[in-house]
2 protein chains.
Amino acid sequence: MKKIKPTESELEILQVLWQKGSATVREVHEVLSLHKESGYTTTLKLMQIMFEKGLVIRNDKSKTHIYQANVSKENTQQQLVGKMIHNLFGGSATALVIQALGSNKPNKDEIDAIQHLLNDLKKAE
Amino acid sequence: MKKIKPTESELEILQVLWQKGSATVREVHEVLSLHKESGYTTTLKLMQIMFEKGLVIRNDKSKTHIYQANVSKENTQQQLVGKMIHNLFGGSATALVIQALGSNKPNKDEIDAIQHLLNDLKKAE
DNA sequence: ATTTTTGTACGATCTAATTCGTAAGCAATT
DNA sequence: AATTGCTTACGAATTAGATCGTACAAAAAT
């Protein structure tokens, strides 16, 4: 399995690609622009670099290239979360969970979803 | 509230300081050396920069300075988890929680602790 | 047909982070 | 007293990441 560590900016772009499936530079840039001040060519350059790194693939049959993520969301999340659990929470996923829930409160539906997952884990013991 | 953003190397040093309470550059360096190849002056320089940034404090009464973390572990965890939620989970703490619980399973006591926390959150709505 | 828009490519710059070499001071050892 | 070793300070080189300007080509609009 590939061992790549995307930078913060690259993760923002990957998120758009994961969500949309595929997108042009402009489409990605427009999403990023909602939260961020930066030029079009900056996004373009980043995506070109990501292409060189193998983080994304692209279809350049037409003039306007169409990009797709080349790393899975789940895989990337798992890798980075695992690292954080180990590095910052002494290996305890629970400590991370409690920290996350404490500072960023879920709504009722989300609480239900987590509780449901916990019940499944309990049964599986 | 201070807006902290330690780099990865700085985090490694902070972890040692959090664990030991206080330590000299050499003590920190020796811990880092277990997992990492780097020179003593590199660690020294990093800790000097961290001092300038206010990430650590130091007692320089004696020739060998004694360092302590000047940011709390909890606070730093919160910053970094928040960043991860934004960068990797589209702003959803719940998504992070589910990921963490899915790939790193808690035992029964931990499940109970999380469920207790969730019940409190539910009541607080 | 000409102008404007839209796109890629790519070099240049800027900033931050990392790394280390070297100098100088102090302390312990010989 | 001289040597050796440990310490801080600091400058310099290196690397990586992010940003943007400009050039040039293709397509669309006029």
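Throughout, a chain's letter reflects where its sequence line sits, starting with A, and its residues are numbered from 1. Source: prediction; values computed, not measured.
In this entry the distance linking CD of B:Glu12 with C1' of C:dT19 reads 14 Å, nearest Å. Protein atom CG of B:Leu55 is 12 Å distant from nucleotide atom P of C:dT18, rounded to whole Å. Distance A:Tyr67 OH to C:dA9 C1': 10 Å, rounded to the nearest Å. To the nearest angstrom, C1' of C:dT18 lies 14 Å from NE2 of B:His29. Across the protein-nucleic acid pair, A:His65 atom NE2 and C:dT8 atom C1' stand 6 Å apart, rounded to whole Å. Residue B:Ile13 contributes atom CD1, which lies 12 Å from atom C1' of C:dA17 at whole-angstrom precision.
Within a 6.0 Å radius of NE2 in A:His65, other residues, nucleotides and ligands contribute more than 12 heavy atoms.
The shortest heavy-atom contact between A:Lys5 and A:Glu10 is O-OE1, 4.4 Å.
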* Asked: When you look at B:Gln15 and B:Lys73, which way does the side-chain hydrogen bond (donor to acceptor under 3.5 Å, both in side chains) test go after all the steps?
  -> CA-CA 8 Å; B:Gln15 281 177 57; B:Lys73 184 174 179 175; over 6 Å; no

* Test A:Asn119 against B:Gln115 for side-chain hydrogen bond (donor to acceptor under 3.5 Å, both in side chains), laying out the working first. => CA-CA 9 Å; A:Asn119 282 329; B:Gln115 286 186 325; 3.3 Å; yes

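In this structure, B:Arg58 reaches the D:dA9 phosphate: one of its side-chain N or O atoms is under 4.0 Å from OP1 or OP2.
Applying a 4.0 Å cut-off to non-hydrogen atoms, the residues of residues 33-52 of chain B that approach DNA chain D are B:Tyr40, B:Thr41, B:Leu44, B:Lys45, B:Gln48, listed by residue number.
The listed nucleotides are D:dT8, C:dT19, C:dT8; the one nearest the side chain of A:Val25 is C:dT8.
Here the options are A:Ile57, A:Ile13, A:Thr7, the test is side-chain contact (heavy atoms from CB on, under 4.5 Å), and the partner is A:Met50; only A:Ile13 passes.
Taking A:Ala23 as the reference, A:Leu17, A:Lys20, A:Glu27, A:Val28 meet the side-chain contact (heavy atoms from CB on, under 4.5 Å) condition, with sequence neighbours excluded.
The base of D:dA27 is not paired with the side chain of A:Lys63 by any donor and acceptor separated by under 3.5 Å.
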